[in-house]
Amino acid sequence: MPLSMIAVIVLALGAIAFAAARSKARLFKPVGTERLHSRPNYHAAHMLLWVVVPALIFVAMWSFVAPRLINQSILTSPAASELPPPGIERDAVLNEIRDLATGKLEVSFNPAAEQLAPVYRDARDHYTILGGIAAALLAYAGGGYAWTRLRREFRARNRVERAVMVVLVAASLIAIFTTFGIVISLLFESLLFFQKVSPAEFFFSLEWSPQTAMRADQVGSSGAFGAVPLFWGTIFIGAIIAMIVAIPLGLMSAIYLTQYARPRFRAWMKPLLEMLAGVPTVVYGYFAALTVAPAIRDAATWAGIPGASSESALAAGVVMGVMIIPFVSSMADDSLAAVPQAMKDGSLALGATPSETIRRVLVPAALPGVVGGVLLAVSRAIGETMIVVMAAGMAANLTLNPFATVTTVTTQIVALLTGDQEFDSAKTLAAFALGLTLLIVTLILNIIALRVVKKYREAYE
Amino acid sequence: MSDRAPGIGGDLPVTSNPSRWNSDVMQRRVARRYASERRFRRIGLFAVALSAGFLAFLLLSMVINGARGFTQTEIKLTVNFPSIAAGVTPAALSAKGGDEALSGLDLEGLAASEATAAYGENGAALLSDGAWLTLRDAIKSDPTLITRKGEMWVPASVEIDAAAKGRGDTANTRLVAQLKTNGQIKTGLNKTFFTSSDSTDPTVVGIWGAFKGTLLTMLVTALLAFPVGTLAALYLEEYAPRNRWTDLIEVSINNLAAVPSIIFGLLGLAVFLNFFHMPRSAPIVGGLTLALMTMPVIVIASRNAIKAVPPSIRDGALAMGASPVQVVFHHVLPLAMPGILTGTIIGMARALGETAPLIMIGMRAFISSPPTSFTEPATVLPVQIFLWSDEVSSGFVEKTSAAIIVLLVFLMTMNATAIYLRNHFERRW
């Protein structure tokens, strides 16, 4: 990578300039009663910034421009007349030329590539040298400018601090860029998808079979994109089965640990339960697929339940519920702790037993917080991927039977995007539409949950 | 208790039924309430025990399955290398192009024929399909071997391996017992598991390739997410004016922390791969994607750590003439560092166990040699676990569990480090 070499050289120049500016600034002596404004390091840092920043920005831009220029010079060379017309084939040949020139490929498949490889190499060297010279000139010019400002009374610190602030602002803007990146990329691909498949079909039709025809005359490959079975599967596993496991266990664990357990027991058990949230989801998925699912299938077959599958909704849901326990329990923990002590004391003073106090006073008072926690847990469960990919099935069934196989939104996203696909087929685009739906639902759940929790906290503060 | 309630209602006689605590009805009622109290308490304890039991069961089943993955059964084989040498000399093997000369040798056939010679008709079936790799590596490290007979231990097949670990069918178990009395079989530590990469044969797979991919990916993630997250937290906590832009940043960060990880995979696919045309399956793309996912976690943890530094520190520094930037970088940041590092390690631990976003950007490729740069196709430990879990061969079960154990050990080490940092360096003011 010669461009990275240029960057390294620029950085080395910057280091030299830093040292030079620092040693000059150390010799500054205050005149009279005046106090020096900036310490030598600030003068040196100012110098460094002027040498390095413009040159590095140029190198970064050059790394985008140079490949286009190189391609241009290949296409204008006389041997390029044999290249296929612009399109995928030409891109393939160009890739081959690049691999030949960099030594990744040793033998070429295309005779034109063999001829053009030296052209590529020459052009690359030419433009690298050109870029290097320009970067060096920029570094030199920046350094020269900074050197002229390198005087006793120059307020270098203010300049450097302003640069630091720019970096800080840029760092915090990355969050916004990421959000916009997510929204725009999902929205863009989803719009493409909805041009091919109507939103009404996607949101309301009951049939999901996303195969699209490889050939126009192929039979039985119409491709149906009704996502309702997926939504049902996601809700069934994430919001129903998982919650049936997680809510009682999480809530009761929180109650026991905060109200009954001795401090020592609590100090050990709480981190232990939190470990459940730290286990990677792929481990849960493996556990569900290897241990839980076969056990549930055997139990169902033994009990004579029809439609028992080794990829049951129950297996994925139960294991996901176990994963969610710590979320529910820590949210319940927080909201129980936020109930004013006076309410608890009042109930106990009237003669209620601790369990009556908990059931009739603490839990009803903490209910909004618990509900908020459950909503957060649901939003987490429906976005969970690995457990359902490994333990739930691929068949899109609209069923109430927990022993049957269902599929979820995240499972289908993974299924649609793995394997070789053309990027703008309806099949791959469907994954982005599913992703967008998932994003919107989780965000709405989160907003509601946070609002509920906040309102409830205000009530007692 | 008197028959008249005092105070309220003046002198009006109030009829009341005082509770007779000794009556049978009352005693039964109290007993019922106490029983329900005990029941409730027991249900609570049961919930805690059940949750902890799930964790114990999960870990135990991994350890029991995985322990076998760290051992491998080997079979003694006397190999007559000159029989296939066909003029290849040790000098030719160690010279340049030696690898090609080596790959020209029919080591696979040699292993099979030697096994047949030593163990009879079905001898070749005793050996793993990857047994010849041991021969190749042996010649690679000592080219003079080609001139003589060598005695080697080569990996046994999946069935024999299972039988040696007490899980095979009767025929194989008997065979293993017989081999054992002859001293021709042994089960020992599986070094291959730590030094080799993915393979189609479970007896010669290893995690080194995936592990190296994980290291490269995590390096990219840490180098991006830690500085960006810390700087963003510093800005939001120390300098940001309260206005719409700051609110927008805060809302974005809080929302990003709640976005499902697979969405970040879609982002990586759409932006890094399809828009910027970065290399598929590469650690740099994986690292970037995970960095975007980890950054909000680090920002939130760092903000809490920065908030915990008392204002008097800032006031003191300002009073001594420090500029706002000096206050933050010379005083606040060092004091908040343990908390920031704790948050970073926890965020990195989450990224380390993440699978779904990396599958989206193509890191599920079959990688049979460890990656050597940030742009080469690679895979990571969790994805490797996912890939192995899909394999049909029963030999992969113990390898998958063993890889899970390695992953869990790493996660626990990281979390333990975070707890240690929190307990020993974080100051309470």
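Within every chain, numbering begins at 1; the chains are lettered A, B, ... in the order of the sequence lines, protein sequences first and strands thereafter.
- Residue contact with chain A, scored on non-hydrogen atoms closer than 4.5 Å, is absent for B/T230.
- Interface residues of residues 345-355 of chain B toward chain A, defined by a heavy-atom distance below 4.5 Å and sorted by number: B/G353, B/T355.
- Rounding to the nearest 0.5 Å gives a distance of 12.0 Å between OG of A/S253 and CD1 of B/I43.
- Interface remark: B/V397 contributes backbone and side-chain atoms alike to the contact with chain A (heavy atom separation under 4.5 Å).
- Using a 4.5 Å cut-off on side-chain heavy atoms (C-beta onward), A/E356 and B/E37 make no contact.
- Both the backbone and the side chain of B/L55 come within less than 4.5 Å of a heavy atom of chain A.
- Cation-pi geometry between B/R41 and A/Y256 is not satisfied (NZ or CZ under 6.0 Å from the ring centre, within 45° of the ring normal).
- Both the backbone and the side chain of B/P382 come within contact range of chain A, with heavy atoms under 4.5 Å apart.
- A/L272 approaches B/A52 most closely through the heavy-atom pair CD2-CB, 4.3 Å.
- A/E189 and B/A270 make their closest contact through OE2-CB, 4.4 Å (heavy atoms, listed as atom of the first residue, atom of the second, distance).
- Looking at A/V414, both its backbone and its side chain come within 4.5 Å of chain B, counting heavy atoms on both sides.
- In this structure, A/F265 places its CZ atom where more than 12 heavy-atom neighbours from other residues, nucleotides or ligands lie under 6.0 Å away.
- Contact check for A/M386 versus B/S261: no side-chain heavy atoms found under the 4.5 Å cut-off.
- Residue contact with chain B, scored on non-hydrogen atoms closer than 4.5 Å, is absent for A/L445.
- Between chain A and the residues B/L292, B/L256, B/I385, the most heavy-atom pairs under 4.5 angstrom are made by B/L256.
- Using a 4.5 Å cut-off between heavy atoms, B/N65 touches chain A through its side chain atoms alone.
- When heavy atoms are compared at a cutoff of 4.5 Å, B/L50 approaches chain A solely by way of its side chain, counted from C-beta outward.
- Interface residue A/I358: only side-chain heavy atoms are found under 4.5 Å from chain B.
- For the residue pair B/A258 and A/N446, the shortest heavy atom distance occurs at CB-ND2, 3.3 Å.
- In this structure, the side chains of A/M252 and B/F40 come closer than 4.5 Å at one or more pairs of heavy atoms.
- By the neighbour-count criterion of 12 heavy atoms within 6.0 Å, atom CZ of A/R39 is sparsely surrounded, having that number or fewer from other residues, nucleotides or ligands.
- Ranked by heavy-atom pairs under 4.5 Å with chain B, the list A/T281, A/T410, A/I413, A/I255 is led by A/I413.
- To the nearest 0.5 angstrom, B/L58 atom CG is 8.5 Å from A/T291 atom OG1.
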Show me the side-chain donor-acceptor pairs of residues 156-165 of chain A shorter than 3.5 Å, one per line, residues at least two apart or across chains.
unit_1 : atom_1 : unit_2 : atom_2 : d
A/E161 : OE1    : B/S323 : OG     : 3.3
A/E161 : OE2    : B/S323 : OG     : 2.4

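- In plain terms, the two heavy atoms of A/L249 and B/S51 that are nearest each other are CB-OG, 4.2 Å.
- At a 4.5 Å heavy-atom cutoff, the contact between B/Y34 and chain A is made by side-chain atoms alone.
- Using a 4.5 Å cut-off between heavy atoms, B/F386 contacts chain A through both its backbone and its side chain.
- At a 4.5 Å heavy-atom cutoff, B/E238 makes no contact with chain A through either its backbone or its side chain.
- For chain A, no part of B/T246 is nearby; none of its heavy atoms comes within less than 4.5 Å.
- With a 4.5 Å cut-off on side-chain heavy atoms, A/Y286 and B/S401 count as touching.
- Considering only heavy atoms from C-beta on, A/T442 stays 4.5 Å or farther from B/V259 through its side chain.
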Chi angles and distances behind the ring pair (Phe, Tyr, Trp, His ring centres under 6.0 Å) call for A/F287, B/F57: CA-CA 10 Å; A/F287 180 65; B/F57 181 49; 5.6 Å; yes
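- Counting heavy atoms from C-beta on, the side chains of B/I262 and A/L438 come closer than 4.5 Å.
- Proximity to chain A is limited to the side chain of B/F329, based on heavy atoms less than 4.5 angstrom apart.
- When all heavy atoms are compared, the tightest approach of B/L408 to A/P280 is CD2-CD, 3.7 Å.
- The part of B/L411 that comes within reach of chain A is its side chain, from C-beta onward, which places non-hydrogen atoms under 4.5 angstrom from that chain.
- Judged purely by distance below 3.5 Å, without hydrogens or angles, the side chains of B/R38 and A/T353 never pair a donor atom with an acceptor atom.
- Contact check for A/L417 versus B/L269: side-chain heavy atoms found under the 4.5 Å cut-off.
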